[in-house]
Amino acid sequence: MRVESPEWLPATPGDVCILLEPGADDREAVRRESLALQRTFGGRPEPDLHLTCQRFHPGTAGQISGVVARLGALLTTVEPPIIAASRLIRFDSGFWKSSLLRWTIPVDGSLRAFLDSLDKILVQAGLRPHYPPSHQRPVVP
């Protein structure tokens with residue numbers, strides 16, 4: 001049974017986020033681009049640039065260990081998703097109490113397949129994804 005979140009559920013303390021980070025071979029290029037953005041917009045580049053793919057409430061220890069095992073298996077069988085930003089926006093974050101630069105990432109191709117697999121893993125573990133299914137979110141803001 002698929003449990004879908006039709007909208008973005010708010011974060012709560014203790015939630016778990018699943019993040020994608022650039023690979024080791026891409027980190028230097030990302031760092032250079034971040035420094036160029038800093039020269040244009042100011043601020044401080046994020047040293048651990050990432051894409052938050054999904055968020056969920058952790059449930060039980062057994063559910064978490066099952067998700068970790070299935071994620072590990074998934075990551076050994078899929079090509080890394082291709083991430084290409086289509087837009088950059090300035091975002092005032094109440095949570096971080098600062099102004100951030102956020103990329104808009106189109107959800108298509110390998111990224112959509114990865115997100116769908118990720119949601120399926122969570123649902124099979126009895127956990128509710130906090131972000132809508134990939135077909136309901138054409139971009140990752």
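In this chain, residues are counted from 1 in sequence order.
- Across all non-hydrogen atoms, the minimal contact from P10 to H130 is O-ND1, 4.1 Å.
- When all heavy atoms are compared, the tightest approach of C53 to L20 is SG-CG, 3.5 Å.
- A distance-only check finds no donor-acceptor pair linking the side chain of R87 to the backbone of W103 [under 3.5 Å].
- Side chain of R55 to main chain of Y131: no donor-acceptor pair is present (N/O by atom type, distance under 3.5 Å, no hydrogens or angles).
- For P58 against L127, the heavy-atom pair with the smallest separation is O-CD2, 3.8 Å.
- For the atom pair L122 CG and Q63 CD, the distance stands at 10.0 Å (nearest 0.5 Å).
- The number of heavy-atom neighbours closer than 6.0 Å to CD of E79, taken from other residues, nucleotides and ligands shown, is 12 or below.
- Atom CD of Q38 is surrounded by more than 12 heavy atoms from other residues, nucleotides or ligands within 6.0 Å.
- One finds the CG atom of L19 at 5.0 Å from the OG1 atom of T52 (value rounded to the nearest 0.5 Å).
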Test log, rule side-chain contact (heavy atoms from CB on, under 4.5 Å), inputs I121 and L71: CA-CA 7 Å; I121 287 170; L71 277 175; 4.2 Å; yes

Check against side-chain contact (heavy atoms from CB on, under 4.5 Å), L88 and T104: CA-CA 6 Å; L88 180 66; T104 298; over 6 Å; no

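- If you take CG on L111 and CD1 on I105, they are separated by 8.0 Å, rounding to the nearest 0.5 Å.
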side-chain contact (heavy atoms from CB on, under 4.5 Å) evaluation trace for F56 with I18: CA-CA 9 Å; F56 62 96; I18 298 175; 3.7 Å; yes

side-chain contact (heavy atoms from CB on, under 4.5 Å) between R112 and D116, worked out: CA-CA 6 Å; R112 181 178 306 280; D116 288 346; 3.7 Å; yes

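- Separation of atoms CD (E21) and CG (D26) is listed at 12.0 Å; rounding is to 0.5 Å.
- A pairwise comparison of heavy atoms in P106 and A84 identifies CD-O, 3.1 Å as the closest pair.
- The shortest non-hydrogen separation linking S134 to L115 is CB-CB, 4.2 Å.
- A donor-acceptor pair is defined here as one N or O able to donate and one able to accept, closer than 3.5 Å; such a pair exists between the side chain of S110 and the backbone of I82.
- Looking at D15, its side chain does come within 3.5 Å of a backbone N or O of T12 through a donor-acceptor pair.
- With values rounded to the nearest 0.5 angstrom, Q54 atom CD is found 10.5 Å from R128 atom CZ.
- Between D119 and F114 the shortest side-chain heavy-atom distance does not fall below 4.5 Å.
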